[in-house]
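Structure, as C-alpha cells:
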Amino acid sequence: MDLHRMFPREVPRREFLKTCLTATALMGLPFRLSSQVVKAAESAERPPVVWLHFQECTGCSESLLRSSHPTVSKLILDLISLDYHETLMAGAGAQAEASLHDSLQTNHGKYFLVVEGAIPTAQGGIFCKVGGKTALASLQEAAAGAAAILCIGTCASFGGIQAISPNPTGAVGVRELVKDKPIVNISGCPPNPYNFLSTILYYLTFKRLPELDNLGRPKFAYGRKIHEHCERRPHFDAGRFAQAYGDAGHAAGYCLYKLGCKGPATYANCSVQRFNDIGVWPVSMGHPCIGCTEPDILFKLPIDAKVQIHDPTPFDSYAPAHLKEKGKGPHPVTTGLVGLAAGTALGAAALFAKKLPAQVEPHKADSHEADSA
Ligand code: FSX
Ligand code: SF4
Ligand code: F3S
C-alpha cells in the first residue's frame, strides 16, 4: 500500500525533532538518549505491520490519523511499512485478501501484528467475519507468523465494550486467545496516539519491546495513576469538589471525584501527555475520567460511581490551591488555565517522565518481550 502517496510526509524538521523529544521524555528516557531515538526514527528500517480490525468503532485508527496536528500520524506511517489496514487500503475484496496473504507469507516471523477490536468467540466466532473468515481464524492465522502483537485500544486489549455482561458474542481481548507471542496492550478508548508512537520508537531504538505492567501495558505510559498529575488535584487535596455538572464548583475547576471521576484508580498518562495537540484531556474539559484504560472499570462501573481510594498518593505536579481571601492572598488555581498552560506536549511529557523510576537502559528481556522481534 503506497501510504507515502496517500499521506505525503513533509514533516518539518523542527516538528520531527519536537515529536521525537516528546516521545523520549514520555518513555521515561533521559534527554541524552534522545539522539538515539532521533537516529532510530530516521533509520531506513521500517518493520512490516499487518493491522487487523475486529469488533470496534475504529476510533483508535481515527484518533491516530485525524489528529489536528498531523506529525504523530505521519511519523507513525513513516516508521512502519503498513502492509495491510482495512480502513486505509484502497484495495477491496479478493485483491485485499490476496495482499494480506502475501504479506503474511513474505514477512513470516518478522511482522508486527496490530489488532484493533475485540474477538468474538461464541458459536465459533460467527459474529465478526471479514472475507468470509471469522475474526478468530484471522487472528490465529496472522498471530502465528507475527514477531509481536500490539493491541491498540481497550477492545483488543481486554474486550472493551463488546465484552460487557452479558457479552452475547463471547468477545475477548487478544491475550485470552494468543499465549505464545509477546503482546503489548496499548489500552484506552481510544488510546493516546503518542503511546503507540512511543512503543514503536522504543522498539526501533532498543530492538526490544518496552517493560510492561501486569496487564501487558508499557510501564512508561501506564505506570502512574492520572490522579497523581491532575491539575484538579490541589482541589481534591483541599476537599473542594464539584457536586453537579454546571455548578459553581464545576465552573471553578474543582475536583470531579464526586461526579464519578475514576482518576484515583486509573493508570494512564492522559493528565500529562494530553490529546489533540492542544493540551486537553477529559478532566480538563470538565468530564470525569471513566477509566478507559482499565479492564475492570470501563463500562463496568457507572459513570457517576465513586471509586475507592486505597492508597492516596502524594501529588507534586501542581502548587497547592488556596482559597482566595478578600483583598489578599493567592487566587484559586483555575483548572482550565493551568491545564492549558501545563499541557504543552514536551513539558508535560517531561513532567511525567521525572516521576518514573529510572529507566535509563532497556531492561532485560522477560517472557513478555520479543527476543527476535
Ligand atoms: Fe475500542 Fe478502537 Fe474504543 Fe473504539 O478501534 S478502544 S471502541 S475508541 O476504536 O477499539
Ligand atoms: Fe483525581 Fe479526578 Fe479529582 Fe483529578 S478530577 S484530582 S483525577 S479525582
Ligand atoms: Fe480515558 Fe480517563 Fe484518560 S477516560 S482518556 S483514562 S482521562
Side-chain angles (χ1 to χ4, degrees), residues 51-66 85-87 114-119 128 135 151-164 171 173-174 185-196 217 221-222 224-242 249-250 253-276 280-295 297-299 301 303 306-309 312-315 317-318 321 333 335 338-339:
W51 192 304
L52 298 179
H53 292 261
F54 299 134
Q55 288 177 306
E56 38 87 15
C57 76
T58 313
C60 303
S61 280
E62 291 285 343
S63 70
L64 193 143
L65 295 167
R66 308 218 182 276
H85 187 299
E86 284 145 12
T87 315
V114 177
V115 178
E116 188 172 343
I119 303 95
C128 179
C151 296
I152 184 161
T154 297
C155 299
S157 301
F158 311 123
I161 192 164
Q162 294 75 208
I164 299 311
V174 171
N185 289 327
I186 303 169
S187 64
C189 188
N192 191 319
Y194 256 105
N195 292 340
F196 186 74
R217 307 176 295 191
Y222 301 88
R224 314 283 297 201
K225 292 173 186 162
I226 65 169
H227 184 59
E228 292 173 43
H229 298 283
C230 176
E231 66 265 33
R232 293 180 192 251
R233 181 62 189 266
H235 293 301
F236 174 91
D237 291 336
R240 289 192 288 274
F241 299 97
H250 191 232
Y254 285 5
C255 172
L256 304 174
Y257 178 71
K258 292 192 177 175
L259 298 179
C261 183
K262 310 295 187 289
T266 297
Y267 288 85
N269 54 358
C270 323
S271 50
V272 174
Q273 185 57 53
R274 298 164 183 234
F275 290 80
N276 298 339
V280 296
W281 62 300
V283 168
S284 78
M285 303 306 289
H287 197 285
C289 166
I290 61 169
C292 80
T293 59
E294 294 294 332
I297 297 180
L298 181 66
F299 306 126
L301 296 182
I303 285 185
K306 294 182 204 65
V307 287
Q308 291 289 318
I309 299 179
T313 43
F315 91 98
S317 293
Y318 295 92
V333 176
T335 304
V338 172

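Indexing begins at 1, ligand by ligand and atom by atom, following the structure's order. The model shown is predicted, which means the values in this text are computed figures rather than measured ones.
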What do you reckon, does Pro282 put a non-hydrogen atom under 4.0 Å from ligand 3?
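Yes.
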When you compare the side chain of [Y] with that of [X], does any pair of heavy atoms fall below 4.5 Å?
{"X": "Ile152", "Y": "Pro191", "value": "yes"}
{"X": "Phe275", "Y": "Trp281", "value": "yes"}
{"X": "Gln162", "Y": "Cys155", "value": "yes"}
{"X": "Ile297", "Y": "Ile290", "value": "no"}
{"X": "Glu56", "Y": "Ile161", "value": "no"}

Is there a heavy atom of Gly188 sitting under 4.0 angstrom from any atom of ligand 1?
yes
For the side chain of [X] and the backbone of [Y], is there at least one donor-acceptor N/O pair under 3.5 Å apart?
{"X": "Asn192", "Y": "Gln273", "answer": "yes"}
{"X": "Glu294", "Y": "Tyr267", "answer": "yes"}
{"X": "Arg232", "Y": "Tyr254", "answer": "yes"}
{"X": "Thr154", "Y": "Gly188", "answer": "yes"}
{"X": "Lys258", "Y": "Arg240", "answer": "no"}
{"X": "Ser284", "Y": "Val280", "answer": "no"}
{"X": "Tyr222", "Y": "Ser187", "answer": "yes"}
{"X": "Tyr257", "Y": "Val307", "answer": "yes"}

Report the part of [X] (side chain from C-beta onward, or backbone N, CA, C, O) that has a heavy atom under 4.0 Å from ligand 3; answer both or neither where that applies.
{"X": "Thr266", "value": "side chain"}
{"X": "Cys270", "value": "side chain"}
{"X": "Asn192", "value": "neither"}

Considering only heavy atoms of [X], which atoms of ligand 2 have at least one such atom less than 4.0 Å away?
{"X": "Arg233", "value": "6 (S)"}
{"X": "Leu256", "value": "3 (Fe), 5 (S)"}
{"X": "Gly263", "value": "7 (S)"}

Closest approach of any protein heavy atom to [atom], naming residue and atom:
{"atom": "atom 7 (S) of ligand 3", "value": "Trp281 CE3, 3.5 Å"}
{"atom": "atom 1 (Fe) of ligand 3", "value": "Cys292 SG, 2.3 Å"}
{"atom": "atom 4 (Fe) of ligand 2", "value": "Cys230 SG, 2.3 Å"}
{"atom": "atom 2 (Fe) of ligand 3", "value": "Cys289 SG, 2.3 Å"}
{"atom": "atom 1 (Fe) of ligand 2", "value": "His227 ND1, 2.1 Å"}
{"atom": "atom 3 (Fe) of ligand 2", "value": "Cys255 SG, 2.4 Å"}
{"atom": "atom 4 (S) of ligand 3", "value": "Ile290 N, 3.2 Å"}
{"atom": "atom 2 (Fe) of ligand 2", "value": "Cys261 SG, 2.3 Å"}

Need the ligand 1 atom indices (1-based, order shown) with element for anything under 4.0 Å from a heavy-atom of Thr154.
6 (S)
Ligand 2-proximal atoms of Pro264, by part, heavy-atom distance under 4.0 Å:
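It is the side chain that gets close, since no backbone atom is under 4.0 Å.
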Check ligand 3 against Ile226 and write out every atom of the ligand that is under 4.0 Å from a heavy-atom position of the residue.
7 (S)
Going by the angle between their ring planes, with limits at 30° and 60°, are His53 and His85 parallel, tilted or perpendicular?
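His53 vs His85 ring planes: perpendicular.
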Check for me whether the distance between the ring centres of Trp51 and Phe196 falls short of 6.0 Å.
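Ring centroids of Trp51 and Phe196 are less than 6.0 Å from each other.
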Counting only protein N, O or S atoms (no waters) closer than 2.8 Å to atom 4 (Fe) of ligand 1 gives 1
